[in-house]
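Here's the structure we're looking at; comments come further down.
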Amino acid sequence: MSNEYNLIKAGANIKNIEKKQSCGYEEIKYELEKIAGIENIKYCEPLKNHTSFKVGGPADIFITPRNVSHVIDIVEVCKSHGVPFFIMGNGTNLIVRDKGIRGVVIKIGEYLNNYHVDGEVIEAEAGILLSDLSKIACENSLTGLEFACGIPGTLGGAIVMNAGAYGGEMKDVVISTHYLNNEGELKVAVGDEHLFGYRTSFIQKKGGIVLKTKLKLRIGDKELIRQQMDILNEKRAKSQPLEMPSAGSVFKRPPGYFTGPLIEQCGLKGYSIGGAQVSTKHCGFIVNKGNASASDIIALIKFVQDKVKAEFGVHLEPEIKIVGEE
Ligand SMILES: Cc1cc2nc3c(=O)[nH]c(=O)nc-3n(C[C@H](O)[C@H](O)[C@H](O)COP(=O)(O)OP(=O)(O)OC[C@H]3O[C@@H](n4cnc5c(N)ncnc54)[C@H](O)[C@@H]3O)c2cc1C
């Protein structure tokens, strides 16, 4: 019996090894492991483990760099071997398709979370969570970042998306951003060079990797800041389906309309395709009922777009980024 068990176990191990080898990119694995450390690299990693929607097929190679120079070196290795790479933050604005992402996924997350407070200025690395950054601002009696306390992404993702809520957006507080451009050069964007617009920024327009950002806040009253954050979090919990996997608002708000009511007036509240459902709490959200595939969600997005276009003549543009192999 125990022999049989060991054989089964050995078989499983061989399968794992085969699985790792089948991810390809043998030519860069050793170099990447040397840079980032073998413990920070996974092969054939299901991206559903790293997205708030809980969907997404495998990344051939998934790396969580420990510091900025790892990011720079990893990108250089990918470029020199012509291997595609994709940068993600906390995966809260992403739908990764079911076949996953070929090449290397670099997650700029938990390890790149150093920050420094100097008077009214906070400089922080791109992987820090926006919610943590707003708490840090509050602890330092700095006002201006309360709007961001319930946005579940990283600072880097928030720069890319010009994330915003309740009348505030990153544009209001960002002074400068250190980034790696498409040529692999370190650059700094200052002020207007961020090209911030509604849920967009220079990174979406020109490419690049956000490494760290300086925010300018104002001295305020710690208790009032905390109260405001509590109020906003309560508002969010009442109006959004935070208890279910999603990626926040699916669509940008079309000029002159509110997305949720448009979708609701089409009779689509609670409408499902497979495991994807238009939220019954907020029609601007699609939620994963538990077993959704990325294809279910993408099909539902298309269905909603077509219905709203047919009923109101309004095009709903996705705010969420859809990535990965079709
Ligand atoms: C429950 C819920 C509520 C939400 N509420 C809001 C809200 O109120 N307001 C709002 O604006 N958004 C909201 N969002 C969406 C999301 O949190 C934001 O868009 C956030 O800024 C995304 O950050 P992220 O780190 O998760 O980025 P990801 O989803 O990982 O990536 C988003 C995009 O940014 C790119 N990217 C990420 N990090 C970097 C980097 N360092 N350098 C270069 N490119 C990078 C990715 O390639 C991708 O294109 C919500 C999401 C959820 C799930």
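All ligand and atom numbering here is 1-based and tracks the order in the structure.
Contacts of Ser272 classified as side-chain hydrogen bond (donor to acceptor under 3.5 Å, both in side chains), with partners at least two apart in sequence or in another chain: Lys289.
Ring centroids of Tyr25 and Tyr43 are separated by 6.0 Å or more, keeping the two rings apart. Aromatic ring centres of Tyr271 and Phe303: separated by under 6.0 Å.
Between Phe196 and His194, the ring-plane angle classifies as parallel under the 30° and 60° cut-offs.
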Can you produce the list of protein nitrogen or oxygen atoms under 3.5 Å from a nitrogen or oxygen of ligand 1, alongside each distance?
| unit_1 | atom_1 | unit_2 | atom_2 | d |
| --- | --- | --- | --- | --- |
| ligand 1 | 5 (N) | Arg236 | NH1 | 3.0 |
| ligand 1 | 8 (O) | Arg236 | NH1 | 3.2 |
| ligand 1 | 8 (O) | Arg236 | NH2 | 2.9 |
| ligand 1 | 9 (N) | Gly164 | O | 2.6 |
| ligand 1 | 11 (O) | Gly164 | N | 3.0 |
| ligand 1 | 11 (O) | Gly164 | O | 3.4 |
| ligand 1 | 11 (O) | Arg199 | NE | 3.4 |
| ligand 1 | 17 (O) | Thr92 | OG1 | 2.7 |
| ligand 1 | 21 (O) | Gly157 | O | 3.4 |
| ligand 1 | 21 (O) | Ala158 | N | 3.4 |
| ligand 1 | 25 (O) | Asn90 | N | 2.8 |
| ligand 1 | 25 (O) | Thr154 | N | 2.8 |
| ligand 1 | 25 (O) | Thr154 | OG1 | 2.7 |
| ligand 1 | 26 (O) | Asn90 | N | 3.4 |
| ligand 1 | 26 (O) | Gly91 | N | 3.3 |
| ligand 1 | 26 (O) | Thr92 | N | 2.9 |
| ligand 1 | 26 (O) | Thr92 | OG1 | 2.6 |
| ligand 1 | 29 (O) | Thr92 | N | 3.1 |
| ligand 1 | 29 (O) | Asn93 | N | 2.8 |
| ligand 1 | 30 (O) | Gly89 | N | 2.7 |
| ligand 1 | 30 (O) | Asn90 | N | 3.4 |
| ligand 1 | 30 (O) | Gly91 | N | 2.9 |
| ligand 1 | 41 (N) | Val210 | O | 3.2 |
| ligand 1 | 42 (N) | Val210 | N | 2.9 |
| ligand 1 | 47 (O) | Ile87 | O | 2.6 |

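Under a 3.5 Å cut-off, the side chain of Asp296 and the backbone N or O of Gly275 do form a donor-acceptor pair. A distance-only check finds a donor-acceptor pair linking the side chain of Gln204 to the backbone of Arg199 [under 3.5 Å].
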